[in-house]
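Note that this is a predicted model, so its numbers are computed, not measured. Keep in mind that the numbers below use all heavy atoms, side chains included, and drop hydrogens, waters and symmetry copies. Here is the naming used below: chain letters follow the sequence lines, and residue numbers restart at 1 for every chain.
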Amino acid sequence: MTTPDSSQDYTASEMMTITAARLLKNGMSCFVGIGLPSLAANLARLTHAPDLVLIYESGPIGAKPRVLPLSIGDGELAETADTIVATPEIFRYWLQGGHIDVGFLGAAQIDRFGNLNTTVIGPYDQPKVRLPGAGGAPEIAGSARRVFVMLRQSARAFVPKLDFITSVGYLDGGDARARLGLTGAGPVAIITDLCVLEPEPPSHEFVVTSIHPGVTRERIVAATGWPIRFAATARATEPPSEAELRTLRELQQRGGAAHGEG
Amino acid sequence: MTTPDSSQDYTASEMMTITAARLLKNGMSCFVGIGLPSLAANLARLTHAPDLVLIYESGPIGAKPRVLPLSIGDGELAETADTIVATPEIFRYWLQGGHIDVGFLGAAQIDRFGNLNTTVIGPYDQPKVRLPGAGGAPEIAGSARRVFVMLRQSARAFVPKLDFITSVGYLDGGDARARLGLTGAGPVAIITDLCVLEPEPPSHEFVVTSIHPGVTRERIVAATGWPIRFAATARATEPPSEAELRTLRELQQRGGAAHGEG
Amino acid sequence: MAERMSLREAISGYVTDGATVAMEGFTHLIPFAAGYEVIRQRRRDLTLIRMTPDVIYDQLIGAGCARRLIFSWGGNPGVGSLHRLRDAVEHGWPQPLELLEHSHAGLASAYVAGAEHLPFAVLRGYAGSDLPRYNDDIRFIRCPFTDEELAAVRAVQPDVTIIHAQKADRKGNVLLWGILGVQKEAALAARHTIVTVEEIVDDLGAWPNAALLPAWIVSAICEVPGGAHPSYAQGYYERDNRFYQAWDAIARDRQTFQAWLQRHVLDTADYAEFSRVLGETQAVAGAEGTAAP
Amino acid sequence: MAERMSLREAISGYVTDGATVAMEGFTHLIPFAAGYEVIRQRRRDLTLIRMTPDVIYDQLIGAGCARRLIFSWGGNPGVGSLHRLRDAVEHGWPQPLELLEHSHAGLASAYVAGAEHLPFAVLRGYAGSDLPRYNDDIRFIRCPFTDEELAAVRAVQPDVTIIHAQKADRKGNVLLWGILGVQKEAALAARHTIVTVEEIVDDLGAWPNAALLPAWIVSAICEVPGGAHPSYAQGYYERDNRFYQAWDAIARDRQTFQAWLQRHVLDTADYAEFSRVLGETQAVAGAEGTAAP
């Protein structure tokens with residue numbers, strides 16, 4: 001990684017995407033949702049992890065999009081994939097079958113044990129906000145070898161108690177997840193625009209392990225709905241390199257142009 | 001059908017194949033095993049049922065072989081099929097899914113209720129003759145809308161009691177099959193080299209309903225290991241037409257030539 | 001056996017009030033034209049099944065066709081909410097909408113069970129999730145060999161499945177390729193299947209092991225070029241991402257939505273006229289620099 | 001990640017005494033060359049899984065490699081019995097063979113369960129059959145929704161699956177087409193997968209939705225042209241029906257079989273030499289008008 005130009009400007013969102021991309025190792029198979037996860041995974045593929053295998057729930061295996069897809073099933077994914085299988089096969093043979101190294105999830109709400117809500121704000125039968133729902137998340141959360149969560153940090157999203165558990169992290173902590181008999185290890189990192197959080201054994205409560213440049217601990221505390229803790233070993237996130245930033249921006253420009261933005 | 005030339009010679013085996021072919025109606029979907037069923041189904045396709053859909057358990061759907069296959073998965077089947085699906089799909093989506101009008105089965109032993117043995121002669125653990133086993137038969141017997149059985153008639157094959165029930169007909173008769181909750185109606189005809197047998201309600205015991213030309217009742221009785229009965233309405237099987245015979249023989253010649261016989 | 005007919009005939013023949021209808025297509029090959037025709041024929045009380053309701057079900061729900069929705073992800077892909085779906089769920093407008101909610105893995109498995117003529121499917125799923133508390137079609141069973149606990153979902157068996165495909169031949173064999181979603185399963189699980197296609201050709205030119213639906217499991221074939229717009233048909237046209245983005249503004253407001261529906265769907269005779277009117281709207285929007293589809 | 005190696009290395013690295021091995025290919029693409037190499041390396045006590053044991057398992061069983069067979073149809077397709085299989089079952093020669101016997105639908109479903117990482121699969125099957133009395137891996141369960149009784153089969157999960165395919169590319173992505181059997185399921189269900197291929201190419205030229213196994217789920221790729229003979233490889237060579245017919249006479253007799261095995265397999269160094277020797281035998285048989293392969 002080249003030394004970043006310290007005068008260089010980048011957004012918190014860019015730092016978040018680049019941090020997530022760095023967690024992906026070359027050769028991993030990665031089950032990608034649309035939006036930030038897709039952006040991060042493609043950034044990794046175009047920088048340090050050229051053989052990262054991208055799998056989209058719509059069926060493409062080994063997609064290598066030149067332009068970021070807007071939807072989970074854009075033609076670009078189909079045309080650049082090694083092959084495309086039917087949706088039941090993606091979920092039953094590939095994800096449940098145990099062939100996914102990393103699942104990428106987002107959420108509207110997350111709690112301190114990495115449980116996710118993408119279903120509803122308010123009571124299920126009297127929703128304040130009806131969210132899109134589960135999608136692939138519950139089984140990605142259960143069956144991917146490990147899960148990364150990407151989520152902008154705010155007290156509205158990082159809540160003490162979820163209105164609805166759509167997808168499990170560590171439930172109420174300790175060995176609660178282990179007792180479910182899930183085949184995947186669960187969420188191993190939450191990547192936000194402020195920091196990285198990782199589960200601390202044995203409780204599996206998420207604690208801050210890496211703080212993005214320029215972010216204060218106070219700001220993280222204010223953006224978290226529970227009394228967030230910082231790992232003793234918490235370090236500073238390495239700022240984006242010039243190459244990371246350039247590749248990310250090119251990727252976004254190509255996507256924006258293709259989808260009629262700007 | 002043209003009037004047969006009465007001076008025309010044909011074998012009992014040809015009569016059997018032609019009789020089976022006549023039972024297949026145009027447009028039916030037919031799950032075909034290798035050997036006589038494949039011969040009969042292709043004869044039907046080349047005579048009165050051009051749109052008969054042949055499905056082989058190896059995966060081809062809508063096969064239109066120009067040459068009779070020797071094995072259930074010959075390249076000829078693959079190359080002439082509308083498409084080829086994987087074997088689990090053939091059994092789970094197409095057969096179990098309820099899309100097969102006719103299943104064609106053979107056997108080493110059959111009993112008066114159309115139950116079939118293709119597993120073993122003698123005790124299972126101390127076999128006198130180990131037969132090939134079940135193959136697709138148990139589920140064809142259960143899930144095809146109706147089943148035709150093709151079998152050369154002899155007291156060794158038409159037995160009072162099977163050594164092993166591989167695939168069910170009507171079990172011990174009456175409503176025994178209905179109580180199994182199977183989705184298919186079961187065997188509706190046994191076509192032999194001597195006659196055609198059909199199940200007689202309410203017992204579902206098979207009785208002779210059509211006798212091939214030149215065959216005596218005594219011969220049928222001698223070739224059956226149980227006290228076979230003749231339907232009051234039993235009629236004479238119509239002899240092969242010239243067109244049926246010619247098409248059948250051409251089909252067999254092409255097969256023999258392709259498989260290195262003669 | 002596949003019968004060739006107009007989309008109007010197919011919908012009026014097979015989609016009845018109160019029917020359970022699946023219109024599938026995962027982002028790709030979504031049968032929008034068929035959806036408009038269902039709205040145009042003012043079908044009511046439908047149970048709609050679809051993994052990703054997408055804009056097509058936002059339209060049907062907003063038009064008041066649906067009583068119940070079986071689904072697994074209800075957003076406008078890459079854009080945001082489905083406002084008509086939300087309005088029905090949050091405010092009961094234009095009528096209440098009963099939800100039966102799955103995960104993708106669960107609903108895909110339920111389609112597989114339907115295609116396999118099994119009453120249920122087994123999966124590793126829903127463990128620890130609140131979804132089974134609100135959906136009685138998700139239960140838990142034990143493995144008869146290992147005693148392990150696994151999820152079970154009830155099969156879905158639509159009265160009618162409607163899909164869009166690239167091609168059919170004159171016999172009615174249907175070929176699709178690219179992102180396949182659960183179309184084959186939805187077709188095989190249904191009592192009747194309507195297929196709209198981009199074109200009808202003499203020879204499909206299918207490669208080995210192609211995703212082909214034989215004519216004899218299809219009820220109706222309707223030639224409706226462009227019938228998947230604003231989703232896409234690989235090899236024919238791309239996804240109209242601008243339409244999806246513009247839909248957000250149209251659907252956010254009840255009046256805007258109703259005006260759009262009246263002008264484009266209810267006041268047009270068929271999909272050809274719909275396309276003509278939509279083209280006019282888009283030309284005006286383009287000239288004004290606004291984002292109407 | 002797929003590693004390219006010789007067949008000898010692949011078998012010696014992945015197939016150990018006592019292992020559970022599936023060699024699949026439904027009539028088409030049967031990995032015969034790999035079978036010979038297993039015999040040549042004198043592997044013992046294998047549990048062999050295969051829907052249709054075919055001549056490949058007749059050879060392995062006759063050679064004394066197998067302790068147990070999981071199968072659904074054990075004949076010489078289009079010809080008759082597998083005499084070595086029968087001799088092992090009927091007379092315990094060269095050693096007893098334990099059978100675990102399914103129907104095709106049952107074993108195909110067991111592979112699916114293996115690929116899906118489920119401990120069992122559900123099917124409408126075996127009702128009224130005696131098979132479940134002799135195979136404890138077939139049981140009956142009840143639907144948690146309808147209470148209907150259905151069959152359940154235990155998943156098969158091979159230590160090693162060996163398949164033959166038409167092509168791999170230099171990265172190790174594998175393409176097969178034509179009759180696919182249960183190869184994909186067997187590969188995904190296994191801990192390790194060995195793939196022999198007709199050729200390794202720069203570009204697979206795969207069409208949409210092709211049956212492709214990505215390099216990252218394959219353990220070893222071995223280039224073995226002709227490696228499916230006497231079965232066939234669509235696009236490369238046809239089924240050698242004469243071999244299947246001639247096999248009947250060879251396998252019927254223990255001594256003939258052993259002489260054939262010694263000369264063609266045990267006394268040859270690899271598949272290339274095997275093919276050379278087999279060519280000589282066949283030339284002599286052809287000149288004499290006899291039916292030796």
Residues 30-42 of chain B, side-chain donor-acceptor partners within the protein, below 3.5 Å, at least two apart:
unit_1, atom_1, unit_2, atom_2, d
B/S38, OG, B/Y56, OH, 3.0
B/N42, OD1, B/R45, NE, 3.2
B/N42, OD1, B/R45, NH2, 3.1
B/N42, ND2, B/S38, O, 2.9
B/N42, ND2, B/Y56, OH, 3.2

Exercise. Does some side-chain heavy atom of B/V53 sit less than 4.5 Å from a side-chain heavy atom of C/P214?
Worked result: no
Problem set entry | More than 12 heavy atoms from other groups under 6.0 Å of CZ on C/R8 | no
Exercise. Of the non-hydrogen atoms in C/W216 and B/H99, which two are nearest, and what is the gap between them?
Worked result: CZ3-O, 3.1 Å
Exercise. Roughly how far, to the nearest 0.5 Å, is the CG atom of C/L213 from the CG atom of B/D82?
Worked result: 11.5 Å
Exercise. For chain B, which residues from residues 197-210 of chain C lie under 4.5 Å away (heavy-atom distances)?
Worked result: C/N209, C/A210
Exercise. Taking every heavy-atom pair that is under 4.5 Å apart, which of B/A86, B/G27, B/S29, B/G98 has the most such pairs with chain C?
Worked result: B/S29
Seminar exercise, completed: Okay, C/I217 and chain B: the region with an atom under 4.5 Å from a heavy atom over there is side chain
Problem set entry | Residue B/S143 versus chain C: region with a heavy atom under 4.5 Å | neither
For this session: Quick one: list whatever passes salt bridge (charged side-chain N to carboxylate O under 4.0 Å, His left out) with C/E37, sequence neighbours left out.
Result: C/R40
Exercise. Has the side chain of C/E116 got a donor or acceptor atom that lies under 3.5 Å from a matching backbone atom of B/R92?
Worked result: no
Problem set entry | Within-4.5 Å side-chain heavy-atom neighbours: C/K184 and B/V85 | yes
Using a 3.5 Å cut-off and no angle test, enumerate the donor-acceptor pairs between side-chain atoms of residues 11-22 of chain C and protein atoms at least two apart in sequence or in another chain.
unit_1, atom_1, unit_2, atom_2, d
C/D17, OD1, C/R44, N, 2.9

Problem set entry | NZ (B/K64) with more than 12 external heavy atoms under 6.0 Å | yes
Problem set entry | Interface moiety of B/E79 toward chain C, non-hydrogen atoms closer than 4.5 Å | neither
